[in-house]
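Throughout, a chain's letter reflects where its sequence line sits, starting with A, and its residues are numbered from 1. The model shown is predicted, which means the values in this text are computed figures rather than measured ones.
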Amino acid sequence: MTTATQTLRGEVTVRDLSKTFNINGRALNVLSSVNLHIRGGECLAIVGASGSGKTTLLRILAGLEEADEGRVLIDGQPVHGVGTERAVIFQEPRLLPWRTVIENVAFPLEVRGLSRDEARKHARRYVQLVGLTDFVEAYPSQLSGGMAQRVGIARALAIQPEILLLDEPLGALDAMTKLTMQEELARIWREEKVTMVIVTHDLEEAIYLADRVLVLPKEKGGRIRTIEVDLLRPRNRSESGFVKLREELLSEFGLH
Amino acid sequence: MALDIEQSYPLNNSPSKTGRLRSGQVGPAFSTGVLGRLVRGGVQNVVVRYGSIIALAVLWQVSATAGWINPAVIPPLDRIWDALVNGFVNGPLWRDVAISLQRAGIAFAAAVALGIPLGLFMGGIRVVERALDPILQLLRQTSALALYPVFILLLGLGETSKVFVIFWATLFPILLATIGGVKQADPKLIEMARVYGARRSHIFRSVVLPGALPQIFVGLRLSATTALLLLIAAEMIGANSGLGFQVMNAQYNFQIPLMFGAILLLAALGLVANSILETLQKRLCRWAPAKA
Ligand SMILES: Nc1ncnc2c1ncn2[C@@H]1O[C@H](COP(=O)(O)OP(=O)(O)OP(=O)(O)O)[C@@H](O)[C@H]1O
Ligand SMILES: [Mg+2]
């Protein structure tokens, strides 16, 4: 399964990454000596208790946050700050309320210097990809939560990133919409051949989407655990292998 | 329904009273069809929206003509209307309206031209805002009217001091609203734009500015109201033209209907200014969920 993706771009290497925050004069060590390698085209899920540093790690990968020590390499090149080979999808869709669906998707393309018309033309394909063709001219206030998030995903894909970084992208959606969107994400990942790093607190979501699940330790200085998800796609949530992995992950959190 | 339409005439005072009323009465004939429902819905809307003002007008007219109130102090609406028509046809009212509009217009335009760019600048650059904020707070707490004598002293009793005092009072609502709008920009949206590589100027143009627009309009509408308020005050002191002068002058000469006419004219100007801004806002902020 993974052999075909070996040659893809979007390979991420994290070396000895540490991050300490200062909260009211007290040092809070969030990440210490994190080492990580993500293959090009891989889908990696990151789970962990609240406050374990998932978002922090993702923001450092995105270039929105500076690490204290260590570095992040993308395709062998050290990164500084944000870059157009990476796109971030946040928990909230973060759409510009004064732009229609298509204009929102076109936004990053305009930033890149495409003319309004060119950007719109290019954006249309991605609006189609997330199934919102009927809503191209709708404003964000006229969309449901799931639809808005899909616009955010289309916008991220429109710049054709090598790496898609997602921070609890489906966290705010209802259970049904969430399941549909998980299928959608699995399809997009397969079709667009991007490297995907997805932070989630939903273990099922992690197993459903990822090649590997990274479990950040609860206590500081603890070991990061990795669990391989060796299941055929498309995955079935009630299949025995799936259920077994879910139990294994749950026990990582001391739950059953 | 027909009664309501009739009652609205003293206000509109259409010359073709009876003819228009006939066409208004067609409504009930359609009452079964879709069109009928639309017409009735429309009439109902009009009644809800303007019913109270129509009732007030009727009450005014009736109590003045029936002598419940002293018509020498509060004349009936038709006499006010006659005085207005007379003022426009035979008197100087056109000139007064023009000069008032000019004073308020120049001052308002100047306040917009200075307030919005300055507000964007101050709101966009933190240090500037922090440095200038104390002065701003001091100045805006000082009533423009209290400063009018100072302006007269500095600029003389002519047009300049009048325009300036209006400008002064209208500047602050616009300036403060613009600063506030820019400062309230959603940091999450700014971060989103940053992720896609947008530079500061691009972020300002495509994220901060559109986001501040509704707030800027709040300031503009407040300023327009303030402009008319200050206009009257300025025209009551040492002026010999303008609507504010007419109010004072008519009262002085016991032309009470004309005085009320000028007052109503001022109210109308305020309504028109507000509705122009409202229309502009609706066009520019179509995306914003409608609010009252
Ligand atoms: N900008 C910041 N300044 C100070 N402290 C921060 C900052 N960002 C995060 N932290 C701290 O770092 C720790 C990890 O935060 P982070 O957001 O990475 O957790 P998380 O794993 O994403 O949690 P959750 O599952 O609740 O989203 C928290 O204790 C938080 O207080
Ligand atoms: Mg988080």
Side-chain angles (χ1 to χ4, degrees), chain A residues 55 58-59 61-65 79-101 103-114 116 119 123 137-143 148 151-161 163-167, chain B residues 112 116-117 119-120 123-124 126 174 177-221 277-292:
Chain A
T55 297
L58 201 81
R59 287 176 62 85
L61 294 182
L64 288 170
E65 202 95 58
V79 300
H80 302 284
V82 296
T84 44
E85 77 287 348
R86 281 159 289 157
V88 187
I89 292 165
F90 302 93
Q91 182 167 353
E92 333 76 39
R94 302 200 184 182
L95 303 179
L96 298 172
W98 46 86
R99 282 178 171 242
T100 60
V101 165
E103 287 166 353
N104 263 288
V105 178
F107 173 72
L109 301 167
E110 287 170 25
V111 171
R112 280 195 168 182
L114 260 68
R116 260 169 179 263
E137 300 299 344
Y139 283 97
S141 62
Q142 299 167 320
L143 302 177
V151 178
I153 293 168
R155 178 177 60 192
L157 292 171
I159 62 164
Q160 297 175 303
I163 302 162
L164 208 52
L165 304 164
L166 307 100
D167 191 0
Chain B
V112 171
I116 291 181
L120 294 179
R126 224 204 162 124
I174 296 176
T178 309
I179 293 172
V182 170
K183 275 172 64 181
Q184 270 173 28
D186 186 348
K188 291 186 165 180
L189 289 183
I190 292 172
E191 190 180 69
M192 178 279 295
R194 213 151 65 78
V195 164
Y196 291 114
R199 305 241 167 270
R200 260 184 82 105
S201 62
H202 197 134
I203 291 177
F204 196 79
R205 254 187 303 128
S206 56
V207 180
V208 176
L209 198 55
L213 211 52
Q215 184 102 23
I216 292 175
F217 266 103
V218 171
L220 286 177
R221 286 166 69 175
L277 285 172
E278 214 172 55
T279 311
L280 198 63
Q281 178 175 17
K282 271 197 194 125
R283 290 195 134 215
L284 288 174
C285 308
R286 216 174 323 159
W287 52 273
K291 55 178 181 222

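- Of the atoms belonging to A:Glu92, it is side-chain heavy atoms, and not backbone ones, that fall under 4.5 Å from chain B.
- Contact of the B:Val195 side chain with the A:Phe90 side chain is registered, since non-hydrogen atoms from C-beta on lie closer than 4.5 Å.
- In this structure, A:Ala156 and B:Tyr196 approach most closely via the heavy-atom pair CA-OH, 3.2 Å.
- Residue A:Leu95 touches chain B through its backbone alone, counting heavy-atom pairs closer than 4.5 Å.
- Of all non-hydrogen atoms in A:Val82 and B:Arg194, the two that sit nearest each other are CG2-O, 3.3 Å.
- Residue contact with chain B, scored on non-hydrogen atoms closer than 4.5 Å, involves the side chain of A:Ile159 exclusively.
- Contact annotation: the side chain of B:Asp186 never approaches that of A:Arg94 to less than 4.5 Å [non-hydrogen atoms, C-beta and beyond].
- Residues of residues 204-211 of chain B lying within less than 4.5 angstrom of chain A, judged on heavy atoms, are B:Ser206, B:Val207, B:Pro210, B:Gly211 in numerical order.
- B:Arg199 does not touch chain A: none of its heavy atoms, backbone or side chain, sits under 4.5 Å away.
- Heavy atoms closer than 4.5 Å to chain B are found in both the backbone and the side chain of A:Arg155.
- One distance of note links CG of A:Asn104 with CE of B:Met192; it measures 7.0 Å at 0.5 Å rounding.
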